[in-house]
Amino acid sequence: MTRPVLIVLAKEPVAGRVKTRLCPPLTPKEAATVAEAALHDTLRAAASVAGVRRLLVLDGAPGAWLPAGFEVAAQRAGGLGKRLAGAFAAAGGPAVLIGMDTPQVTRSQLELALAELARPAVDAALGPAPDGGYWTIGLRRPDERVFEGVPMSSTRTFAAQRRQLMRLGLNVTQLEPLRDVDTLADARAVAADAPSGRFASALAAL
């Protein structure tokens, strides 16, 4: 059987290119430090999941923060919808995708997403975020149409994405909600949820 793919979609943590919504009060350099810590925790959670291919779809170049066991593919050019479609195309089969914005994610949450996608009647899995977006999406097979017309980074993203999946005739299962880090308030809440992670330590140091 083809192993499912666990995709992490990420940006290289370079000052001025990541977590810009945290500036101010953080400086671009501080925001990049927090972003690198978030990426570290996210990749470590993904690395702890057994029985999957691990694929980092990256905007930028890998650094010392990348653990062993990951394939690396370049992100497709274009908006977030095109980059998401490109990530699933790179996976080439059943896959669950997360970003670098949920450093509190656990192995059990990732395993549950993969298990839900593996159920015979399920074509897609979607995990909402409190801001109206989503923190994860899983697809049984790549389909460029999945992200067409879906407004990204909006309070309507989750609802629109779910409608698009259903419009394509896909059976969608909903996963538990998880907060992603967009604002400093989000960062503080996420750090409180995972106080032992590198993300929490990096934020506390600032």
Quick one: side chains of residues 193-206, donor-acceptor pairs under 3.5 Å with protein atoms, not counting sequence neighbours, listed by atom name and distance.
| from | atom 1 | to | atom 2 | distance (Å) |
| --- | --- | --- | --- | --- |
| R198 | NH2 | H40 | NE2 | 3.3 |
| S201 | OG | G197 | O | 3.3 |

- [ ] Could you tell me whether the side chain of W135 reaches within less than 4.5 Å of the side chain of R179, counting heavy atoms only?
- [x] no

- [ ] Would you mind reporting whether L56 and L66 have side-chain heavy atoms less than 4.5 Å apart?
- [x] yes

Task: Sidechain-backbone polar pair: K19 side chain, V181 backbone, donor-acceptor under 3.5 Å - done: yes

Task: Donor-acceptor pair, side chain of R53 and main chain of A91, under 3.5 angstrom - done: yes

Task: Check: V105 main-chain N/O paired with T102 side-chain donor or acceptor under 3.5 Å - done: no

TODO: Determine whether more than 12 heavy atoms belonging to other residues, nucleotides or ligands lie under 6.0 Å from atom CZ of R188.
DONE: no

Open item on the list: Just so I know, are the side chains of R162 and Q174 near enough to count as touching, which here means a heavy-atom distance under 4.5 Å?
Closed with: yes

Open item on the list: Do L139 and L112 land in one hydrophobic cluster if side-chain heavy atoms of ILVMFWY residues count as linked below 4.5 Å?
Closed with: no

Open item on the list: Main chain of T33, side chain of E36: is a donor-acceptor contact present, judged purely on distance under 3.5 Å?
Closed with: no

Task: Sub-4.5 Å side-chain heavy-atom contact between V190 and P103 - done: yes

Task: Cluster check L58, V14: I/L/V/M/F/W/Y, side chain < 4.5 angstrom - done: no

Task: Cluster check L178, V172: I/L/V/M/F/W/Y, side chain < 4.5 angstrom - done: no

TODO: Using a strict 4.0 Å threshold on nitrogen-to-oxygen distance, state whether R17 and D59 make a salt bridge.
DONE: yes

- [ ] Could you tell me whether E71 and R54 have a side-chain N and a carboxylate O separated by less than 4.0 Å?
- [x] no

Task: Single-linkage hydrophobic cluster L114~I137, side-chain heavy atoms < 4.5 angstrom - done: no

Open item on the list: Assigning hydrophobic clusters by single linkage (Ile, Leu, Val, Met, Phe, Trp, Tyr; side-chain heavy-atom cutoff under 4.5 Å), is M166 placed with L175?
Closed with: no

Task: Pairwise side-chain contact, V8 with L55, heavy-atom cut-off 4.5 Å (strictly under) - done: no

Open item on the list: Does any part of the side chain of V146, heavy atoms only, come nearer than 4.5 Å to the side chain of Q161, both counted from C-beta?
Closed with: yes

Open item on the list: Between L97 and F88, is there a side-chain heavy-atom distance shorter than 4.5 Å?
Closed with: yes

TODO: Apply side-chain contact (heavy atoms from CB on, under 4.5 Å) to the pair V49 and E111, showing each step before the final yes or no.
DONE: CA-CA 7 Å; V49 179; E111 288 174 340; 4.1 Å; yes

Taking only distance into account, with no hydrogens and no angle test, what donor-acceptor pairs under 3.5 Å do side-chain atoms of residues 72-85 form with protein atoms, sequence neighbours excluded?
| from | atom 1 | to | atom 2 | distance (Å) |
| --- | --- | --- | --- | --- |
| Q75 | OE1 | R83 | NH1 | 3.4 |
| Q75 | NE2 | A10 | O | 2.7 |
| Q75 | NE2 | V57 | O | 3.3 |
| R76 | NH1 | E144 | OE1 | 2.9 |
| R76 | NH1 | E144 | OE2 | 3.4 |
| R76 | NH2 | E144 | OE2 | 3.2 |
| R83 | NE | G78 | O | 3.3 |

Open item on the list: Assess, by modelled atom type and distance only, whether the side chains of Q109 and T106 contain a donor and an acceptor separated by less than 3.5 Å.
Closed with: yes

Report, one line per pair, each donor and acceptor closer than 3.5 Å where one atom sits in a side chain of residues 115-132; sequence neighbours left out.
| from | atom 1 | to | atom 2 | distance (Å) |
| --- | --- | --- | --- | --- |
| E116 | OE1 | R119 | NH1 | 2.8 |
| E116 | OE1 | T173 | OG1 | 3.0 |
| D123 | OD2 | N171 | N | 2.8 |
| D131 | OD1 | G133 | N | 2.9 |

Open item on the list: Whether the side chain of S154 engages the backbone of R156 through a donor-acceptor N/O pair (distance < 3.5 Å, no angle test) should be reported.
Closed with: yes

